[in-house]
Protein chains: 2
Amino acid sequence: MKKLPINISMVAAEAGVGVGTVSRVLNGSEQVSDATRERVLCTMARLDYRPLRSASSLSKGRTGAVGILVSGITRPSVIARLEGVIDVLNDAGLDAVVLNAQNRTQLDHHLTSLTDQRRVDGIIVISIGIADERVARIKELDIPLVLVDNDVPNLPRVVIDDVEGGKIATDHLLSLGHRRIGFIGDNSDIAIGTLSSENRYLGYLKALGVAGIEPDFELVVRGPHSSNAAVALGSVLLELGKDRPSAIFASSDTMAAGVIKALHQHGLDVPGECAVIGFDNIEISSILDLSTVRQPLLESGTKGASMMVALLNGEIFEPRRVELPLEVIPRGSSLGNQRKLSIVPLGEVRGHHGLHILQRGG
Amino acid sequence: MKKLPINISMVAAEAGVGVGTVSRVLNGSEQVSDATRERVLCTMARLDYRPLRSASSLSKGRTGAVGILVSGITRPSVIARLEGVIDVLNDAGLDAVVLNAQNRTQLDHHLTSLTDQRRVDGIIVISIGIADERVARIKELDIPLVLVDNDVPNLPRVVIDDVEGGKIATDHLLSLGHRRIGFIGDNSDIAIGTLSSENRYLGYLKALGVAGIEPDFELVVRGPHSSNAAVALGSVLLELGKDRPSAIFASSDTMAAGVIKALHQHGLDVPGECAVIGFDNIEISSILDLSTVRQPLLESGTKGASMMVALLNGEIFEPRRVELPLEVIPRGSSLGNQRKLSIVPLGEVRGHHGLHILQRGG
DNA sequence: TTTCAATTCGGAACCGGTTCCAAGGCATGC
DNA sequence: GCATGCCTTGGAACCGGTTCCGAATTGAAA
């Protein structure tokens, strides 16, 4: 006794109405009398009717899905953004189709697949640089496109001012009296990322310039975007001996974590012998007591997804640029350890997180 | 001059063949002559034809999408699993539709939405406990279901032995001579998670029992699953004065990170005055030099997704359970700092990560 | 030349909702 | 009593691929 799938015409027949009426009930149309609506809803429940999404998609000409393209999904900053995007899309009743590209080949493949199979109504690209011809192709096909963390003109996008971010990070170190400040960044060009790191570097140079400090290019190193790579990169700076920097600006917290490890490995005190500031304010930053530049990661996702929802509803007609604010979060890695010794009061945590401590009775 | 969307019959007409033939070409059918296939492919390219996924879905009765249900997507262990799932699904040409549930209400809503709109061909649930009636419902509807990190009998699932994991973690501390060992876990019941933490706790008790140590329930605390909460939880144990533990097992690396911070705040040496071991081996573990129990997170995702792909292809007919291996990774937080002072050779990193150091010339 | 099978192909029916148009029912106004 | 208009409803046409059946073509065997 295999149950046959119920379709709309069975419901219509069973409820003694036309298929059009059932469809109108499904879509919450106003032009159905309350009595009829009630009867149809009852019948649907009784038959355990479940409408088929793809049939609806075909008729409506919309898939109800949005493609989200990310690269290196495990990066904390990417995830925070992704979370924001997914939450907004889910709330809007849209499917969040996530594609993870490890390299440029895969990126191209995913983009082609998204555009050429018409699987999604729109595309959100997170922290990835896209080739111009790809953008042109998507525009030509009239597929709404939103960029998160990539400042490409003439496209709807959510960005931060990376140059300014790099400047205020460096300014923070300068304000603490540092004059030899190192920079550790990632190779934006090698990966398929954006120019974030490079722009933060520009901000670093700018801050130095304003302060009247000649940049020492011996203090600038770049490598892959990972904590482990940053350990080695940090060591390069630290092994300069008496010429080593008194402070280091890492272009992301992930790399800053590696720098801190390198400092520990060299037996150097943070920030006594070398201060550190990162960028992003991800979860580990507070654990590592790492000074950083906060950017609203979650919000970049929610804003980007909201723009997409608006675009799909035809609410926005011209490209719009949203810039989110930045803020230096000073912590122990630059200020010193007066904070390290302060203990978070238990009561406070209990209040914020609903902490409860269970002591198992024997 | 708005381009009308091209459909299959236009291609057929233009190529001088029937729609059936075009469809066969699209699906790589064998029963098309090479000459005809070539002609059709040319026509498709010339017209820039892009088949509509939803039309195909409707005809084939399959959506080509898999729903992935996660909770707390930002947790590093969840992401690693998610990455594995997404990669395998993408490779198989399936859409990965990600749903993030923050609480039980949202979880129920997402599950209902997935099953009752027939949006996906199968559902993968990551690190979430699901109510029995939900599982029954999904089974009744014949929707393939795979669990990752949740050991529910009679369902295809990828798991680890959490009890054993808790035991080997505790054994590691015991082998180093520790006798007063604290346990810090999370409230699995309050969140919508699985029983992982609780089972690791059982392993902890088991190890103590085998070692002939009476468990001291004063050394057992639980709270929300976050680093910040773990700081406060750790403080509870550390403020026991002379009764404080000489070692702490935290049921996840995220919480272990908080414990280490608490130790620093109390000015206690790790592992001299208190050793720490965590669980998962996420990225920050190596940065923090944190001893841990490695579980194959990425692999749990790839295995689970592979099972789903097999199920959708009708290759597996009976529930199957895959258990992944565990392994203690001893690091500085339990062994001591003989490792801390060893510096990772630069050459090694260069070899593994393609590190290159760029010194900008002026 | 005829027979038979294999290969290739055309096209109608179909998947299951959506939408538009026509029509029925009912109340109101003159 | 009839015209008018609004609300509600039924159902055909349609969205664009897929699949199955029948037919045409080809080649080999008889």
Has B:Asn313 got a side-chain atom pairing as donor or acceptor with B:Glu315's backbone, closer than 3.5 angstrom?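 No, because the side chain of B:Asn313 does not come within donor-acceptor range (under 3.5 Å) of the backbone of B:Glu315.
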
Measure distances between side-chain N and O atoms of A:Arg24 and base N and O atoms of D:dG10, and say whether any donor-acceptor pair falls under 3.5 Å.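 By the distance-only test, yes, there is a pair.
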
Looking at NZ of B:Lys60 and CZ of B:Arg53, how far apart are the two atoms once the value is rounded to the nearest 0.5 Å?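 Here the rounded value is 8.5 Å.
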
[X] vs [N]: side-chain N/O to OP1/OP2 distance below 4.0 Å:
X: B:Arg39; N: C:dT8; answer: no
X: B:Ser23; N: D:dG17; answer: no
X: B:Ser33; N: C:dT8; answer: no

Under 4.0 Å, heavy atoms only, any strand: does [X] hit a base, just the sugar-phosphate, or nothing?
X: B:Arg118; answer: sugar-phosphate
X: B:Ser56; answer: sugar-phosphate
X: A:Val17; answer: sugar-phosphate

Side chain of B:Gln31 only, please: which of C:dG17, C:dT8, C:dG10 is the nearest?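 Closest of the options to the side chain of B:Gln31: C:dT8.
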
Below 3.5 Å between N/O atoms, which protein atoms pair up with nucleotides 12-15 of chain D? Just atom names and distances, please.
residue: D:dC15; atom: O2; partner: A:Ser59; partner atom: OG; Å: 3.4

B:Asn27 CG to D:dT18 P, straight-line distance once rounded to whole Å: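 Between P of D:dT18 and CG of B:Asn27: 4 Å.
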
